[in-house]
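First up is the structure itself, then whatever we jot down about it.
Here is the naming used below: chain letters follow the sequence lines, and residue numbers restart at 1 for every chain. All values reported here derive from a predicted model rather than from experimental measurement.
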Protein chains: 2
Amino acid sequence: MGITKSEHFTEHQNTMANALKALGHPARVAIVEYLIQHKQCICGDIVSEFPLSQATISQHLRELKLAGIIQGSIEGNSKCYCLNSEVITKISQFLGFAIDSVNASKCCD
Amino acid sequence: MGITKSEHFTEHQNTMANALKALGHPARVAIVEYLIQHKQCICGDIVSEFPLSQATISQHLRELKLAGIIQGSIEGNSKCYCLNSEVITKISQFLGFAIDSVNASKCCD
DNA sequence: AAATAATATCGTAATATTGCAATATACTTT
DNA sequence: AAAGTATATTGCAATATTACGATATTATTT
């Protein structure tokens with residue numbers, strides 16, 4: 001089928017999955033790494049950094065923005081994207097719970 | 001095309017993207033949540049928890065295992081899956097860098 | 001060893017994603 | 001306002017993912 005049965009899961013699970021899926025591509029991981037280092041970017045920065053076309057990079061930026069991983073865009077004179085910590089923090093907390101759970105009691109060793 | 005150009009990215013970026021992609025589906029988020037709470041599971045636990053077929057759940061567990069998010073399986077008498085913190089910790093660190101970067105200096109507000 | 005139970009795999013249909021050329025849009029400069 | 005520059009969108013082909021019925025595999029029980 002190829003259709004994800006989102007309706008069977010909670011809003012939180014879907015939000016989490018969307019954000020994680022947005023990060024689940026090497027180009028988008030690379031864009032986030034670029035933003036960690038440079039704090040902000042314009043589309044052209046990323047285009048000249050990686051061997052992907054301008055259309056492809058623009059699309060990846062769009063997906064990151066839709067998922068709330070990055071924010072910003074063209075605003076009058078200053079065009080820029082930068083990281084948005086809100087959603088990233090939520091994912092981080094979720095993973096933190098997982099790590100805590102493992103530390104509390106391990107199995108399958 | 002539909003083919004990800006993995007070869008243009010670093011091993012770290014690809015590993016990170018694979019793990020994040022594995023988590024990027026509500027059913028797999030739900031499975032991880034189940035494991036956070038119950039520490040371990042067998043396939044049947046998840047099948048009876050969610051309205052997805054046994055074949056589909058088995059496939060999701062397989063993907064989580066391939067990405068290193070969970071470990072274990074059938075081992076003699078004890079059949080179980082549980083979280084594997086190694087890869088999860090790596091992702092968490094990556095997200096931590098992103099959050100630190102935003103806290104250090106914000107933009108696009 | 002046959003039957004039962006639990007999980008994995010195969011095959012397939014429906015849908016989603018990836019990537020890019022071409023084009024459209026928006027802003028800036030001349 | 002025309003030309004130039006930067007980014008977004010559209011359309012499309014190739015590939016990947018999702019889901020499940022059917023079946024195979026593996027372990028347990030009778």
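- The base of D:dA8 has none of its N or O atoms less than 3.5 Å from a complementary donor or acceptor on the side chain of A:Gln59.
- Distances shorter than 4.0 Å separate none of the side-chain N or O atoms of A:His60 from OP1 or OP2 on C:dT17.
- A straight line from CZ of B:Phe50 to P of D:dC20 spans 14 Å, rounded to a whole angstrom.
- Side-chain to base pairing of B:Gln54 with C:dA6: no donor and acceptor N or O lie closer than 3.5 Å to each other.
- One interatomic measurement links the two molecules: CG of A:Leu61 to P of D:dA8, which rounds to 7 Å at whole-angstrom precision.
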Please set out all donor-acceptor pairs under 3.5 angstrom arising from side-chain atoms of residues 92-100 of chain B, sequence neighbours excluded.
none

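- Counting only heavy atoms from C-beta outward, the side chains of B:Glu49 and B:Tyr34 approach each other to under 4.5 Å.
- Surrounding CD of B:Glu11 are at most 12 heavy atoms belonging to other residues, nucleotides or ligands under 6.0 Å away.
- Residue A:Leu52 is classed as a sugar-phosphate contact, given heavy-atom separations below 4.0 Å to backbone atoms only.
- Side chains of A:Leu23 and A:Leu64 form a contact here, defined as non-hydrogen atoms less than 4.5 Å apart.
- Annotation: B:Lys90, atom NZ; neighbour count of heavy atoms from other residues, nucleotides and ligands within 6.0 Å does not exceed 12.
- For A:Tyr81, a side-chain nitrogen or oxygen approaches OP1 or OP2 of D:dA8 to under 4.0 Å.
- Listed by first and then second residue, the ring-ring contact (aromatic ring centres under 6.0 Å, His included) pairs involving residues 45-65 of chain B are A:Phe9-B:Phe50, B:His25-B:His60 (not counting sequence neighbours).
- Within the structure, a side-chain polar atom (N or O) of B:Ser58 is placed less than 4.0 Å from OP1 or OP2 of C:dA8.
- One atom, CD of B:Glu63, and another, P of D:dT17, lie 7 Å apart when rounded to the nearest Å.
- Within residues 9-18 of chain B, no residue has a heavy atom under 4.0 Å from DNA chain C.
- The phosphate of D:dA8 has neither OP1 nor OP2 within less than 4.0 Å of any side-chain N or O from A:Arg62.
- Rounded to a whole Å, the NE2 atom of A:His8 is 14 Å from the C1' atom of D:dC20.
- Following rounding to the nearest Å, A:Ile46 (CD1) and C:dC20 (C1') show an atom-to-atom distance of 18 Å.
- For A:Thr56 against A:Ser53, the heavy-atom pair with the smallest separation is OG1-OG, 3.0 Å.
- The distance from atom NZ of B:Lys21 to atom C1' of C:dA16 is 12 Å, rounded to the nearest whole Å.
- Not one side-chain nitrogen or oxygen of B:Thr56 sits closer than 4.0 Å to the OP1 or OP2 atom of D:dA19.
- Across the protein-nucleic acid pair, A:Ile42 atom CD1 and C:dA26 atom P stand 18 Å apart, rounded to whole Å.
- At whole-Å resolution of the value, CG in B:Leu23 and C1' in D:dT17 are 16 Å apart.
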